[in-house]
Amino acid sequence: MRYWLMKSEPDEVSFDDVLAAPGATVAWFGVRNYQARNFMRDAMAVGDGVLFYHSGGKLPGVAGIAEIVSGPYPDASQFDAASHYHDPKATPETPRWISVDVKAVEAGRFVPLAELRTVAALDDMVLLQKGSRLSISPVTKAQYTTIVALVRGKGA
DNA sequence: GCCAACGTTGGC
DNA sequence: GCCAACGTTGGC
């Protein structure tokens with residue numbers, strides 16, 4: 001079992017949106033970075049833990065706990081000419097981008113990025129490295145446990 | 001809105 | 001295969 005941090009723009013898909021979805025499950029679509037795609041394709045497994053992160057807004061941070069509930073499959077938006085995520089080079093025969101299904105598991109306290117930066121145990125997190133922009137990044141079990149505790153409301 | 005950092009594209 | 005130009009991400 002592995003652990004991941006997955007970024008979403010809350011204007012597009014927020015943690016609350018996922019909680020409200022049928023089964024609290026959504027398809028994670030729109031990843032257009034090969035490194036992030038390869039994590040989904042090669043390293044993720046059903047049951048992996050996910051820190052659901054909100055980026056781009058006024059207050060970036062971890063919005064909730066989720067988990068991976070499907071294997072990889074082709075991201076439908078790559079074939080949709082009307083989609084912002086359309087990829088003209090992708091065809092159903094040779095898809096380029098993939099999705100996985102993510103289920104919201106536990107809401108709690110929103111933990112801002114600025115707070116994560118104050119936690120010494122998280123210094124090595126991929127998210128916190130200078131210049132890091134990966135939309136999906138691996139998290140160690142220790143980092144995951146630390147952040148889950150923060151989400152559950154224990155002080156930093 | 002700014003800008004640092006990174007990824008992708010395309011000419012050569 | 002190199003690398004400059006361009007586009008995007010995302011925090012501030």
Side-chain angles (χ1 to χ4, degrees), chain A residues 2-21 26-44 48-68 72-102 104 106-140 142-151 153 155-156:
Chain A
R2 296 184 184 178
Y3 304 90
W4 309 95
L5 182 136
M6 299 176 77
K7 294 182 185 175
S8 176
E9 302 238 356
D11 287 351
E12 218 171 343
V13 181
S14 74
F15 187 73
D16 286 344
D17 292 338
V18 182
L19 273 178
V26 295
W28 201 272
F29 66 96
V31 171
R32 294 294 180 270
N33 170 281
Y34 289 105
Q35 202 176 345
R37 179 201 69 180
N38 293 347
F39 283 137
M40 286 197 290
R41 187 188 63 192
D42 304 332
M44 274 184 182
D48 281 2
V50 173
L51 301 169
F52 195 111
Y53 182 90
H54 284 178
S55 67
K58 268 200 163 175
L59 188 61
V62 174
I65 309 300
E67 89 178 84
I68 302 298
Y73 59 92
D75 177 343
S77 66
Q78 68 192 306
F79 310 127
D80 178 359
S83 170
H84 172 66
Y85 296 110
H86 180 235
D87 183 342
K89 292 179 183 166
T91 67
E93 292 73 32
T94 55
R96 182 182 287 197
W97 306 109
I98 63 169
S99 287
V100 297
D101 290 342
V102 173
E106 185 179 346
R109 190 171 68 89
F110 185 90
V111 182
L113 173 62
E115 181 176 337
L116 297 178
R117 290 196 188 282
T118 68
V119 181
L122 301 177
D123 282 351
D124 294 333
M125 264 190 92
V126 173
L127 173 77
L128 303 182
Q129 303 314 301
K130 187 178 167 73
S132 173
R133 310 185 310 187
L134 264 181
S135 62
I136 297 174
S137 55
V139 176
T140 67
Q143 291 161 354
Y144 183 81
T145 302
T146 297
I147 293 172
V148 168
L150 293 174
V151 169

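In what follows, chains are A, B, ... by sequence order, proteins preceding strands, each numbered from 1. None of the values given here were measured: they were computed from a predicted structure.
For F110(A), there are no ring-ring contact (aromatic ring centres under 6.0 Å, His included) partners, not counting sequence neighbours. Every side chain to side chain contact (heavy atoms under 4.5 Å, CB included) that S55(A) has, sequence neighbours left out, goes to K7(A), E9(A), Y53(A). Looking at residues two or more places apart in sequence or on another chain, you find a side chain to side chain contact (heavy atoms under 4.5 Å, CB included) between S83(A) and S77(A), D80(A), Y85(A). For R96(A), the salt bridge (charged side-chain N to carboxylate O under 4.0 Å, His left out) partners are D87(A), not counting sequence neighbours.
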Identify each atom pair where a protein N or O and an N or O of nucleotides 9-12 of chain C are less than 3.5 Å apart, giving names and distance.
{"unit_1": "dG10(C)", "atom_1": "OP1", "unit_2": "K7(A)", "atom_2": "NZ", "d": "3.1"}
{"unit_1": "dG10(C)", "atom_1": "OP1", "unit_2": "R133(A)", "atom_2": "O", "d": "2.7"}
{"unit_1": "dG11(C)", "atom_1": "OP1", "unit_2": "Y53(A)", "atom_2": "OH", "d": "2.8"}
{"unit_1": "dG11(C)", "atom_1": "OP2", "unit_2": "G56(A)", "atom_2": "N", "d": "3.3"}

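A straight line from CG of N38(A) to C1' of dG7(B) spans 14 Å, rounded to a whole angstrom. The NZ-P distance, from K89(A) to dT8(B), rounds to 11 Å in whole Å. Protein atom CZ of R32(A) is 16 Å distant from nucleotide atom C1' of dG7(C), rounded to whole Å.
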N/O donor-acceptor pairs under 3.5 Å from side chains in residues 124-134 of chain A, not counting sequence neighbours:
{"unit_1": "Q129(A)", "atom_1": "NE2", "unit_2": "D123(A)", "atom_2": "O", "d": "2.8"}
{"unit_1": "Q129(A)", "atom_1": "NE2", "unit_2": "M125(A)", "atom_2": "O", "d": "2.7"}
{"unit_1": "S132(A)", "atom_1": "OG", "unit_2": "V126(A)", "atom_2": "O", "d": "3.0"}

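Pairing each heavy atom of V18(A) with each of F52(A), the nearest pair is CG2-CE1, 3.7 Å.
Regarding contacts with the backbone of dA5(B), a side-chain N or O of K130(A) is found under 4.0 angstrom from either OP1 or OP2.
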